[in-house]
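To keep things clear, I will list the structure first and then write my remarks on it.
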Amino acid sequence: MPNSYLAIPTFTEFSQILDPGCYHPLPDDWYVGIADVVSSTEAVAQGRYKAVNMAGAAVIAAISNTLGHSSYPFMFGGDGASFACAPDHIDKIRLALAATRRWAHENLKLELRVALFSMAEIRAVGRDVQVARYAVSSAVSYAMFRGEGIHWAETQMKTHNDHHVASAPPGTQPDLNGLSCRWSPITASGNGSILSLIVFPLGNRPAFDAVVKDVLYLLDEDPRHAHPVGENGPLFRFPPAGLNLEAMANRPRNGSLFNARAKVFLTAALAFILDKTGWKLGAFDPAHYRKLTALNTDYRKFGDALFMTVNCNSQQADQLEQMLSQAEKANHIQYGLHRQKTAIMTCIVPSVVNDTHFHFLDGGEGGYTAAAAAYKAKRDARQQTPDAPPPPAATPAL
């Protein structure tokens, strides 16, 4: 792998996630970071979808403000995140992760656990982490992962605490500049559904690849590949539902939450006026920003499994579920799926006047957390069945 993550060539066809030639192994001295919200299933059941997503995105925001946006591989997981980094700034990263744990506990009332693993130890147990770069626009690419090392690290984090990063002292505030959640929920079109989907292999990689190709072929019947966000971007309402969450994220250290709320309120009011009128403000063009928001959304990704939040009509959704069920009965895959009416977006916006803003999509009524719970229930049942094939290397974060 080149020394710089950004030196990895990008690809633009999502189906290339299955091409081993697009992936590059991480160096032995790199680290892999894992984070997830403890008891996220319970939090989601209480309707705290945006808070759970905010905690997962906060990890990426904190690391991005330490390493630089786009300069390292990461993946948003709904209730958590995964990333990899060179050893140069590992001490600063530990501090950022520790501060984010404290922030999530004090502001979101969520327990965020985080852990760091060296690539050398991941390879020592027969796993690997290889990275590819999928370009969703000319300015933004998302990392794709394969090699089972990410999921091995997730399992280790949940079952052992020797790699955990301890929480920072009370009152510690991470740098979460740019973290926001202003967009309105994205509604499924017509009589369709927003599907949150996770598909894992069950040992037979060619069979798994064939299933993924069938899934993509079905969704590609839609001109926008089942993208939940219209090409002109999502809707924006005022005041935004995530105003308090954004204020908590962007409050200066020792600053007033009231003042942070007021700043977010005024900024959102200005954004709302520009959005509705189409007026430009300096270098900011609201129409262009909206279109880039749609392009820069991570509605589909790969991290040793296929993760998708897609907009399907009722016929597509039924066909997809039937296809996956048949593949699961044939022991080619195991999957978790959750249907809902909305999707929600959490964003990292370093600047509104350039195109390098990231947008993380999840289902608005359970999302990846609910899909992972469905997956886990079937996996547990499978493990209790005599002569069942072994499960995948690890489970998605719950």
Side-chain angles (χ1 to χ4, degrees), residues 35 49-65 68-70 74-81 83 100 103-104 107-108 136-137 139-143 174-186 194 227-251 260-261 263-272 274-275 284-301 307 309 342-364 367-368:
Y49 317 115
K50 290 186 78 70
V52 169
N53 277 194
M54 200 73 165
V59 173
I60 298 173
I63 302 303
S64 294
N65 288 325
H69 296 270
S70 302
F74 61 79
M75 178 176 165
F76 172 72
D79 66 348
F83 68 91
T100 306
W103 175 84
N107 292 271
L108 305 180
V136 293
S137 71
V140 166
S141 63
Y142 285 104
D175 181 359
L176 301 180
N177 181 53
L179 180 60
S180 69
C181 51
R182 296 179 191 173
W183 296 110
S184 300
I186 298 140
I194 301 291
H227 198 323
V229 183
E231 64 178 331
N232 291 322
L235 297 176
F236 181 70
R237 69 174 180 225
F238 183 81
L243 187 148
N244 284 337
L245 291 173
E246 185 173 343
M248 291 175 187
N250 290 278
R251 175 174 53 174
R261 283 196 188 107
K263 182 178 180 180
V264 172
F265 182 88
L266 293 173
T267 303
L270 176 60
F272 180 75
L274 295 175
D275 183 67
F284 176 64
D285 179 347
H288 178 77
Y289 183 84
R290 270 179 165 278
K291 290 181 179 180
L292 264 294
T293 296
L295 288 174
N296 291 354
T297 298
D298 73 333
Y299 77 103
R300 51 187 185 173
K301 48 207 166 185
F307 292 78
T309 293
T342 61
I344 55 176
M345 185 179 285
T346 309
C347 311
I348 297 179
V349 185
S351 171
V352 296
V353 297
N354 63 47
D355 295 341
T356 58
H357 39 98
F358 295 89
H359 304 277
F360 306 129
L361 200 68
D362 196 4
Y368 287 126

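Atom NZ of K291 and atom CG of N296 lie 14.0 Å apart (nearest 0.5 Å). Taken from CE in M248 to CZ in R261, the straight-line distance is 6.0 Å, to the nearest 0.5 Å. Between the CG atom of D285 and the CG atom of L292 there is a distance of 10.0 Å, given to the nearest 0.5 Å. Atom CZ of F360 sits about 13.0 Å away from atom OG1 of T309, to the nearest 0.5 Å. Separating the OG atom in S180 from the CE atom in M345 is a distance of 10.0 Å, to the nearest 0.5 Å.
Taking the side chain as every heavy atom from C-beta outward, T346 and K50 never approach each other to under 4.5 Å. Between H357 and V140, the closest side-chain pair of non-hydrogen atoms is not below 4.5 Å. Side-chain contact between F83 and I60: absent, with no pair of heavy atoms (C-beta onward) separated by less than 4.5 Å. In this structure, Y49 and I344 have side chains that are in contact, with non-hydrogen atoms separated by less than 4.5 Å. Using a 4.5 Å heavy-atom cutoff, the side chains of L245 and L108 are in contact.
When all heavy atoms are compared, the tightest approach of G78 to N53 is O-ND2, 3.0 Å. A61 and I348 get closest at one heavy-atom pair: N-CD1, 3.6 Å. Among all heavy-atom pairs drawn from L274 and P286, the shortest one is O-CG, 3.5 Å.
For D298 (side chain) and L361 (main-chain N/O), a donor-acceptor pair under 3.5 Å exists by modelled atom type.
Aromatic rings from F358 and Y142 are positioned such that their centres are separated by under 6.0 Å. Here the two rings, on F238 and F265, have centers that are under 6.0 Å apart.
The one candidate from T267, N177, D175 that meets the side-chain contact (heavy atoms from CB on, under 4.5 Å) condition with N250 is N177. In summary, of the residues considered (P234, P239, C347, P240), a side-chain contact (heavy atoms from CB on, under 4.5 Å) with R182 occurs for P240 alone.
Ring planes of Y289 and W183: parallel class, angle under 30° (limits at 30 and 60°).
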